[in-house]
Amino acid sequence: MSAHPAPDRRLTLGDLVAKKHAGDPIVMVTAYDHPGAQIAEAAGVDMVLVGDSGAMTVLGYDSTVPVTVDEMLMLTRAVRRGLSRALLVGDLPFGSYEASDSLAIETAQRFVKEAGCDLVKIERGGTTVDRARAIVASGIPVVGHVGLTPQTATALGGYRAQGRTAEGALAVIDDALALQDAGCSLIVLEAVPAEITRALQSLLRIPTIGIGAGADADGQVLVFHDLLGLLDGPQAKFVKRYAELRGAAVDGVREYADEVRSRAYPAVEHTYGMPAEEVARLERLLAER
């Protein structure tokens, strides 16, 4: 039985489960604006995550912590307008769901009502399990996220792989199982040893999406700007660049700047003109002034 749905309809959670059972990998990328969403859609990805990583990749913050709900909703609405087939996941930012079940539900509802999300994503186990359960009970599908959770990276010792001891691995596994029991539809596994992912594949009924979690996950996600080489600076070990667009973009803008300064641009083919008789009339009108 094929796990590929018709190309002219929106994917569903059932399609993702079918892909898991068929061994058909799920493809997820992040996107933060309308052009990025259109590119992801044209490439045929299955899911698009408007991650709070947009705080750093497009909004210029130094971590994911400062980004607000309103900023995330603005980015998510732009992505929604660029998608027709892929499922849309909205990342609930730090401080928007942890305090209470009612706050978590209210924030999740805004992402569905105001931005058109199909699912929302929240980080960690612990009390987040209760928040996940409350959001699911309100009728909104939830994606859990375990391992390296950037919103609380400081408490985890920085942006580093998690679960590299037996006890640490068991904690990650327990968090994932607890989120499944709370009703989550998928689990993101970030920056954990492949052995944890492999163990979870026999313990979880729901699909797993890996990012730095090895090849055994049911799908993979990468940040749009990382995989396309749009950002400068160091990259995480798990990032593979499939293009180097930043260099091409800098070269293009530099060539434009050079042509403006040399007056090579705009050339005749980039310039609007007037019929000769209208030019003559304009000259007469100006002379009459």
Side-chain angles (χ1 to χ4, degrees), residues 6-11 27-62 66-91 110-111 113-118 222-233 235 239-289:
D8 57 348
R9 70 163 176 86
R10 177 99 39 101
L11 290 171
V27 181
M28 179 193 277
V29 298
T30 66
Y32 312 102
D33 58 19
H34 187 254
Q38 289 183 311
I39 290 169
E41 182 79 22
V45 305
D46 303 310
M47 306 182 74
V48 172
L49 167 65
V50 185
D52 59 2
S53 49
M56 296 177 288
T57 57
V58 299
L59 296 180
Y61 293 116
D62 60 4
V67 72
T68 66
V69 170
D70 287 339
E71 287 171 322
M72 287 299 301
L73 286 171
M74 180 271 293
L75 299 178
T76 307
R77 284 193 293 267
V79 171
R80 172 77 281 163
R81 292 189 286 268
L83 299 180
S84 57
R85 178 181 176 275
L87 284 166
L88 175 62
V89 183
D91 219 350
R110 290 192 67 189
F111 274 75
K113 291 181 66 174
E114 298 178 31
C117 286
D118 299 301
L222 279 178
V223 170
F224 187 88
H225 292 61
D226 288 343
L227 73 92
L228 292 179
L230 284 165
L231 296 178
D232 200 12
Q235 300 287 316
V239 171
K240 179 176 179 179
R241 289 191 173 186
Y242 290 85
E244 295 292 344
L245 298 190
R246 186 180 187 277
V250 171
D251 289 345
V253 175
R254 182 180 291 117
E255 184 176 357
Y256 159 72
D258 291 344
E259 289 199 357
V260 169
R261 291 174 179 136
S262 69
R263 298 192 181 276
Y265 175 84
V268 173
E269 62 267 27
H270 309 119
T271 306
Y272 298 104
M274 292 172 63
E277 61 272 20
E278 294 300 322
V279 174
R281 287 184 63 235
L282 175 61
E283 290 173 348
R284 287 196 302 273
L285 291 170
L286 289 172
E288 290 171 359
R289 289 188 175 184

Handout entry: Stepwise salt bridge (charged side-chain N to carboxylate O under 4.0 Å, His left out) check, Asp118 with Arg80
Key = CA-CA 10 Å; Asp118 299 301; Arg80 172 77 281 163; 3.5 Å; yes
Can you check whether [X] reaches [Y] side chain to side chain, under 4.5 Å on heavy atoms?
{"X": "Leu227", "Y": "Val223", "answer": "no"}
{"X": "Val79", "Y": "Leu88", "answer": "yes"}
{"X": "Arg85", "Y": "Arg9", "answer": "no"}
{"X": "Phe111", "Y": "Val50", "answer": "no"}
{"X": "Asp232", "Y": "Arg246", "answer": "yes"}

Measure the spacing between [atom1] of [X] and [atom2] of [Y] and express it to the nearest 0.5 Å.
{"X": "Met274", "Y": "Leu282", "atom1": "CE", "atom2": "CG", "result": "5.0 Å"}
{"X": "Leu75", "Y": "Thr57", "atom1": "CG", "atom2": "OG1", "result": "8.0 Å"}
{"X": "Cys117", "Y": "Leu87", "atom1": "SG", "atom2": "CG", "result": "11.0 Å"}
{"X": "Met47", "Y": "Leu49", "atom1": "CE", "atom2": "CG", "result": "8.0 Å"}
{"X": "Arg241", "Y": "Leu222", "atom1": "CZ", "atom2": "CG", "result": "12.0 Å"}

Handout entry: Donor on one side chain, acceptor on other, Thr76 and Tyr32, under 3.5 Å
Key =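 There is no such pair (donor and acceptor under 3.5 Å, judged by atom type) between the side chains of Thr76 and Tyr32.
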Practice task
Please check if any side-chain donor atom of Glu71 sits under 3.5 Å from a side-chain acceptor atom of Thr68, or the reverse.
Solution key: yes
Quick check: closest heavy atoms across [X] and [Y], and the distance to 0.1 Å?
{"X": "Phe224", "Y": "Thr30", "answer": "N-OG1, 2.8 Å"}
{"X": "Ala31", "Y": "Ala37", "answer": "CB-N, 4.0 Å"}
{"X": "Val69", "Y": "Arg110", "answer": "CG1-NH1, 3.7 Å"}

Exercise for the section: Answer yes or no: are there more than 12 heavy-atom neighbours, outside Glu255 itself, under 6.0 Å from its atom CD? Expected result: no
Could you tell me whether a side-chain N or O of [X] sits under 3.5 Å from a main-chain N or O of [Y], the two making a donor and an acceptor?
{"X": "Asp91", "Y": "Asp52", "value": "yes"}
{"X": "Asp46", "Y": "Val27", "value": "yes"}
{"X": "His34", "Y": "Arg81", "value": "yes"}
{"X": "Glu41", "Y": "Ser84", "value": "yes"}

Handout entry: Audit row: Leu83, Val48, side-chain contact (heavy atoms from CB on, under 4.5 Å) steps and yes/no
Key = CA-CA 9 Å; Leu83 299 180; Val48 172; 3.9 Å; yes
Exercise for the section: Begin with the C-alpha distance, continue with both residues' side-chain angles, and end with the deciding distance and a verdict on salt bridge (charged side-chain N to carboxylate O under 4.0 Å, His left out) for Asp226 and Lys240. Expected result: CA-CA 8 Å; Asp226 288 343; Lys240 179 176 179 179; over 6 Å; no
Problem - Note: Arg77-Asp33 ion pair, threshold 4.0 Å (strictly below) - result: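 Salt bridge absent between Arg77 and Asp33.
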Exercise for the section: I would like to know whether Val67 and Met72 meet side-chain contact (heavy atoms from CB on, under 4.5 Å); could you show each step before the answer? Expected result: CA-CA 7 Å; Val67 72; Met72 287 299 301; 4.0 Å; yes
